[in-house]
Amino acid sequence: MTAPSLAPGRTGVVGTARTRLEGRAKVTGAARYAGEVPFAELAHGWVATSSVARGRIRSIDTEAVLAMPGVLAVLHHGNAPRLRPGVGLFGPDATLQVLQDDRVPHVGWPVALVVAETPEQARAAAEALVVTYDEEPHDVAFSADHPGVYTPEARPPAPPDVERGDVDAELAGSAVVVDEEYTTPEEYQSPMEPHAAVARWENGRLEAIDSNQGSYAIAQYIAQLFFLDAASVRVTSEHVGGAFGAKGVRPHLVFAVMAATMLDRPVRVVLTRRQMFTMCGLRTPTAQRIRLGADADGRLRAVDHESVSYSSAIQEFVEQSTRPTRVLYATDALRARTRLVRLDVPTPTFMRAPGWAPGSYALESAMDELAERTGLDPITLRLRNEPAVAPASGLPFSSRNLAACFEEGARRFGWPDRDPRPGVRRDGRWLVGTGVAASAHAAMTAPSTATATAEADGTFTVRIAAADIGTGARTALHQIAVDALAAPPEAVRVRIADSDFGPAQFAGGSMGTASWGWAITEAAAALRERLALADEIPADGITVRADTSELVRARQPVERHGFGAQFAEVAVDPASGEVRVRRLLGVFAVGRVVNPLTARSQLVGGMIMGLSMALHEEGVRDTASGSLVNGDLAGYHVASNADVPPIEADWVDDPDTHNPTGIKGLGEIGIVGTAAAVANAVWHATGTRQRHLPIRLDRTLTR
Amino acid sequence: MREFRYGRATGVAEAVALHAGNPEARFLGGGTNLVDLMKSGVESPELLIDVRGLPLDRIEVAGDGSLRIGATVTNSDLAAHPEVRRRYPALAQAVLAGASGQLRNMATVGGNLLQRTRCGYFYDTIQPCNKRRPGSGCPAVTGEHRNHAILGWSEHCVATHPSDMGVALAAFDAVVSVHTADGPAQLPLPDFYLPVGDTPHRETALPPGALITGVTLPPAPVAARSRYRKVRERASYAFANASIAAALDIRDGVVREVRLAFGAVASRPWRAGTAERTLTGGPATAEAFAAAADAELAAARPLTHNEYKVPLVRNLVVAMLTELAEEAAR
Ligand SMILES: Cc1cc2nc3c(=O)[nH]c(=O)nc-3n(C[C@H](O)[C@H](O)[C@H](O)COP(=O)(O)OP(=O)(O)OC[C@H]3O[C@@H](n4cnc5c(N)ncnc54)[C@H](O)[C@@H]3O)c2cc1C
Ligand code: SF4
């Protein structure tokens with residue numbers, strides 16, 4: 001058949017609201033998640049976890065358990081396959097070296113996997129498994145003045161320390177100084193879908209269906225871990241029910257592969273909610289000290305931000321909470337320091353806007369305190385300190401429309417009419433107040449590959465190992481492909497989440513749509529060039545592959561970020577301490593918005609998570625046992641529907657010519673700034689500062 | 001989770017007979033607490049006897065004017081019942097303040113009274129806990145206890161009873177009807193829940209295998225002007241940090257009758273008898289309300305993380321009684 005005619009430059013689908021392509025399949029249950037794809041001969045693995053916080057396994061009584069109904073195997077450090085050490089997505093990752101030795105680094109560390117014919121049998125046996133330990137004294141007590149606090153190694157994207165100008169001299173010369181400490185607690189990603197994987201050997205290839213944020217990288221990683229040829233591992237992740245950073249490579253997949261290999265039959269491993277709280281990472285608590293020095297007119301002379309967080313005994317993970325400070329405000333002198341302490345706790349990992357979310361709570365609370373002490377409006381103060389270049393790096397911004405966000409937001413929120421005095425507005429038993437904070441998040445792009453195929457029937461297929469973790473990524477990529485191919489939407493298929501499609505960026509760091517979209521755009525352009533020369537399309541179609549590695553590497557070094565302004569109105573009952581958010585407004589500058597429908601739900605979702613961070617979320621760790629006391633969703637509170645008020649999210653024009661797709665990514669920025677806006681509003685309502693999250697009722701109650 | 005047998009009873013005597021002599025049997029109401037406890041390994045019954053088929057799903061006004069509530073009436077039906085709403089509004093409000101719509105559709109009156117504490121150590125089987133494993137110790141007293149008891153606890157256990165419904169029942173002198181192999185019996189709520197002492201695992205005075213058949217509320221005109229308020233860490237779907245059921249009858253500025261009960265402060269719904277006696281016959285002023293709260297809370301023994309409950313309950317008493325007094329004056 002003849003090549004379809006392509007109208008060059010046809011645009012129109014990007015920028016229009018589209019419902020999710022897989023929406024119907026999801027709401028009808030036709031979409032299958034990793035934990036529910038059926039297989040013949042499927043065996044089920046159940047993880048047994050440690051009950052002590054530190055020590056060595058003395059014994060595992062496998063015999064009794066092997067005699068239980070349906071039990072096929074008990075894997076433990078004495079018999080499990082050896083894994084290649086030193087492997088990891090971001091450097092060696094010790095959290096995946098499961099069942100390799102007798103060491104126990106924290107409560108809830110996996111110590112065995114029981115495999116049985118049914119999940120019930122596996123669970124019964126795993127719970128009956130008797131493991132004894134030689135316990136060692138543990139330490140899980142986090143504080144900024146812990147004697148073990150140290151400076152972590154420099155690693156991208158942010159070195160631990162930045163020092164520009166003479167902070168101490170500028171502070172000494174400042175008319176107004178804010179010097180306060182802020183803390184945030186352990187927070188958990190808590191996606192709805194639990195971690196699940198099924199692994200099987202099929203014609204000499206390892207095939208895994210897994211719930212994760214990036215099938216390609218994970219397949220590579222599994223191959224390395226199990227000493228396999230990279231081409232012999234395939235990971236697919238068609239539908240993923242939320243991740244928020246918790247779904248990199250996790251032990252459930254390693255276990256499924258181990259057991260499928262040992263038993264030579266398909267094995268599924270699904271984690272329980274309680275296990276997710278110990279095996280899948282968390283956001284470390286932070287203790288942050290901020291010192292701001294300013295002239296009487298609010299012009300910043302010094303900004304000093306030190307953040308301490310924790311990591312586990314086995315793995316260094318650094319929460320880079322000073323990141324907002326490195327880009328938000330102009331200052332004569334800047335110091336940012338990131339510190340760490342290692343405890344006998346689970347290993348933290350990324351959680352929506354890592355670093356940015358806790359860091360912005362501290363910085364933007366301190367800015368509000370500076371506004372109070374200088375007698376300036378909080379927005380005026382921020383605009384007065386708008387930088388021409390990024391304060392830490394000295395590099396220009398690819399685009400920066402924070403001021404426009406504040407102006408548009410202030411207008412819509414009714415900010416100009418605000419009475420700045422705290423503690424003076426009553427509505428029945430409630431004290432009412434409003435607050436504002438800035439949002440920022442890195443807008444990075446990473447290399448990806450994509451293929452575009454012109455099929456013989458005149459349709460197109462785009463393949464990319466992207467992940468749709470519930471965000472609407474598949475739909476956005478379809479829109480990008482439709483425009484790039486200048487084809488009708490119904491003629492374009494986008495297939496994602498299959499490692500066989502080749503290297504592609506993770507769904508993480510708000511980099512997905514920008515990185516994948518670029519590769520798709522390149523592949524589509526190349527295909528159109530090929531088609532222009534082709535007389536006809538052969539039966540197996542014409543396929544071209546694009547790889548953006550060189551393009552990404554060749555980009556100019558500029559500071560690329562999304563920005564935003566968030567506004568909150570809260571009510572506080574001083575007699576009960578209850579805090580309720582009455583409305584939230586966020587106005588963002590996030591480059592080009594591909595799908596306003598799903599973009600808005602990402603921003604609103606981020607703001608809800610920010611509200612939840614402000615008022616509810618707190619993992620409570622018991623120092624005596626080292627265990628989490630509230631490791632389930634009855635005890636670990638996330639905002640309920642009744643906590644969520646009307647929320648508005650919108651954006652201003654933010655053309656970013658440094659990126660050919662103009663996309664900045666917006667999956668995380670929504671959570672950045674919400675907690676500070678709420679805390680600042682609570683101050684405005686009550687006159688009392690909230691320097692510790694969450695803003696619990698025992699912290700606001702009138703005694 | 002252990003394999004268990006499941007049976008359904010259609011008559012009260014049959015249910016009791018099925019349970020008799022089997023310490024590993026449990027009655028199953030809505031299962032909203034029991035099944036969770038089984039999944040987390042706290043309970044591992046050998047036999048579940050489903051009681052929802054029993055003819056105990058009615059609410060009736062008895063000849064003496066008291067209200068008889070069957071043990072298997074769902075929380076939703078209880079809260080929606082016109083007599084409950086009219087005569088004991090605080091009870092309807094208390095039930096609606098608990099759990100979620102779906103849970104209330106399943107949960108029963110009997111199960112609600114017997115729901116277990118929400119202490120995090122109790123739910124986590126790797127932890128010691130005197131209530132779950134007698135004699136193993138109570139980590140909460142020295143550990144995490146922000147939502148634990150301030151009244152009536154012992155060093156053996158500082159957990160609270162989480163029921164909202166029970167708080168209103170306590171305020172209105174509810175009597176629990178039970179049935180054992182020896183026949184029916186009555187237990188007034190104050191005798192139903194046992195003091196903690198050194199046996200926190202023994203929570204009620206129910207004999208082994210006893211079936212709760214219902215709850216009776218004696219007539220209480222004061223209850224018609226009553227209210228329930230629950231303070232919690234999110235706007236719904238959370239257990240109370242403190243709650244209060246209050247009823248007030250004022251004549252000429254003088255308190256004729258008052259009912260006060262607190263939730264989430266003790267191992268049982270806490271009837272505030274001292275505060276009631278302090279107030280009765282005295283002036284209905286904010287000062288008097290505060291003084292009565294202080295009198296009740298004089299016995300409070302808060303710990304490091306739950307000291308806030310003392311001012312919280314005090315503030316709630318003053319706020320609620322003031323509201324009720326203002327309403328009466330209107
Ligand atoms: C997420 C969540 C949130 C919740 N929030 C709240 C809240 O805010 N406030 C609140 O008050 N409650 C709350 N609840 C608890 C809920 O109210 C109780 O789980 C429910 O009332 C228990 O009733 P049930 O019929 O389901 O009891 P079941 O779970 O069936 O049984 C509980 C216990 O009672 C026994 N039992 C049941 N019926 C009888 C009978 N007739 N005779 C003798 N023994 C019997 C059972 O053997 C078992 O020991 C919540 C529960 C959940 C899961
Ligand atoms: S307070 Fe009671 S329930 Fe909680 S750990 Fe102590 S004994 Fe167990």
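First the proteins, then the strands, lettered A, B, ... as listed; each starts at 1.
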Sub-3.5 Å donor-acceptor pair from the side chain of [X] to the main-chain atoms of [Y], do we have one?
{"X": "B:Asn315", "Y": "A:Thr702", "answer": "yes"}
{"X": "B:Arg234", "Y": "A:Val638", "answer": "yes"}
{"X": "A:His616", "Y": "B:Glu233", "answer": "yes"}

Can you list the steps and then say if A:Glu127 with B:Arg2 is a salt bridge (Lys or Arg N to Asp or Glu O under 4.0 Å)? CA-CA 10 Å; A:Glu127 286 170 0; B:Arg2 173 185 182 187; over 6 Å; no

Under a 4.5 Å heavy-atom cutoff, which of A:Gly635, A:Ala124, A:Ser625, A:Ala624 has the most pairs with chain B? A:Ser625

To the nearest 0.5 Å, tell me how far [X] [atom1] sits from [Y] [atom2].
{"X": "A:Ser627", "Y": "B:Gln127", "atom1": "OG", "atom2": "CD", "result": "5.0 Å"}
{"X": "A:Arg273", "Y": "B:Lys39", "atom1": "CZ", "atom2": "NZ", "result": "12.0 Å"}
{"X": "B:Tyr123", "Y": "A:Asn630", "atom1": "OH", "atom2": "CG", "result": "13.5 Å"}

Are the charged groups of B:Glu144 and A:Arg621 less than 4.0 angstrom apart, N to O?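 Answer for the salt bridge query: no.
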
Are A:Glu578 and B:Arg229 ion-paired here, with the side-chain N under 4.0 Å from a carboxylate O? yes

Of all the heavy-atom pairs spanning [X] and [Y], show the shortest one and how long it is.
{"X": "A:Ser640", "Y": "B:Ala235", "answer": "OG-N, 4.4 Å"}
{"X": "A:Asp698", "Y": "B:Tyr308", "answer": "CB-CG, 3.4 Å"}
{"X": "B:Gly143", "Y": "A:Asp622", "answer": "CA-OD1, 4.0 Å"}

Heavy-atom cut-off 4.5 Å, strictly under: side chain, backbone, both or neither for B:Arg118 against chain A?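 The side chain, not the backbone.
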
With a 4.5 angstrom heavy-atom cut-off, which part of B:Glu3 approaches chain A: side chain, backbone, both or neither?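 For B:Glu3, there is no contact with chain A at all, as no heavy atom is under 4.5 Å.
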
I'd like to know which of B:Leu316, B:Asn241, B:Val318 tops the heavy-atom pair count under 4.5 Å against chain A.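 Most heavy-atom pairs within the cutoff with chain A belong to B:Asn241.
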
May I ask you to test the B:Val231-A:Leu697 pair for a side-chain heavy-atom distance under 4.5 Å?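 Sidechains of A:Leu697 and B:Val231: in contact.
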
Within a strict 4.5 Å, meaning less than it, do heavy atoms of the B:Leu312 and A:Ser576 side chains meet?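 The answer is yes; the side chains approach within 4.5 Å.
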
